[in-house]
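In what follows, a structure is listed as structure tokens, so that the remarks can point back to it.
Just follow the structure's listing: the first ligand is 1, and inside any ligand the first atom is 1. Residue indices begin at 1 and follow the sequence shown.
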Amino acid sequence: MRLTELAHALLAESLGPGAKAVDATAGNGHDTLFLARLVGPAGKVVALDIQPLAVATTRARLAEAGLGGRCDVRVADHAALARLLPEDFRGSTDGVILNLGYLPGSDHAVTTCPPATLAALRDALAALRPGGRLVCVAYTGHPGGEEEGAAVAAFAEACRAEGHTVDIRQREPGSGKPWLLAVTRAR
Ligand SMILES: C[S@@+](CC[C@H](N)C(=O)[O-])C[C@H]1O[C@@H](n2cnc3c(N)ncnc32)[C@H](O)[C@@H]1O
């Protein structure tokens, strides 16, 4: 199974009709579209990306699928995730995805970086309901990717120490390969 498929499968376990979901790195909108389908007409998705091009692409993808109405897609830095989320998402979010790295097919210099990623991960965890899950896919093959992966791994250890359920898949430090972290908030 590809890592993105695994990410979706792990998220699907905490999301269903009527759910509240967040895509903290909307990119080309594939993950946002997946979330929009899962939450159904009664659900809500908030999606962010720092690049206007990514937001436009995501909105277009959702519109083509007729699912734009359940999604709020904004140009924003996920470092400010807590402040950006609607009131009813705080402590009640069912699932969050952070698909790190750069926008495929665009400027590879614009990539997620440790300080903002860590802020977003902490805010995402705080926004989850008990039993809610965040999934983060870390790419380590580009400049800065290994350092970001190490920061994500340190976040994972802190989550474990706090009693949350931590699941790490396919991590091989130094391999340049992507890996996945899933954290399920303690009840
Ligand atoms: C690998 S792509 C995401 C893929 C996407 N989820 C999809 O389904 O196509 C990573 C995205 O993170 C965005 N990004 C980088 N830094 C960011 C930040 N501080 N806040 C929000 N988005 C950021 C990039 O612009 C890029 O579009």
A120 heavy atom under 4.0 Å from ligand 1:
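Outside the 4.0 Å threshold, so no.
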
At a 4.0 Å cut-off, with the gap strictly under it, does some heavy atom of L100 reach an atom of ligand 1?
yes

What residue and atom, counting heavy atoms only, is the protein's closest point to [atom], and at what distance?
atom	answer
atom 26 (C) of ligand 1	D49 OD2, 3.4 Å
atom 22 (N) of ligand 1	I50 N, 3.3 Å
atom 9 (O) of ligand 1	N28 N, 2.9 Å
atom 19 (N) of ligand 1	D77 OD1, 2.9 Å
atom 20 (N) of ligand 1	H78 N, 2.9 Å
atom 15 (C) of ligand 1	T112 CG2, 3.4 Å
atom 5 (C) of ligand 1	A26 O, 3.1 Å
atom 8 (O) of ligand 1	D31 N, 2.9 Å

[X], any N or O under 3.5 Å of ligand 1 N or O:
X	answer
Y102	no
Y139	no
T32	no

Side chain, backbone, both or neither: which part of [X] has a heavy atom under 4.0 Å from ligand 1?
X	value
I97	neither
A79	neither
S106	neither

Contact list for residues 7-23, test salt bridge (Lys or Arg N to Asp or Glu O under 4.0 Å), sequence neighbours left out
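The answer is E13-R133.
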
Proximal ligand 1 atoms for G101, defined as those under 4.0 Å from one of its heavy atoms
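Numbered from 1, ligand 1 contributes 10 (C), 12 (O).
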
Atoms in ligand 1 with a heavy atom of A76 nearer than 4.0 Å:
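The atoms of ligand 1 under 4.0 Å from a heavy atom of A76 are 20 (N), 21 (C).
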
Return a table of donor-acceptor pairs under 3.5 angstrom between the side chains of residues 35-53 and protein atoms on other chains or two or more places apart.
unit_1: D49; atom_1: OD1; unit_2: Q51; atom_2: N; d: 2.9
unit_1: D49; atom_1: OD2; unit_2: A26; atom_2: N; d: 3.4
unit_1: D49; atom_1: OD2; unit_2: G27; atom_2: N; d: 2.8

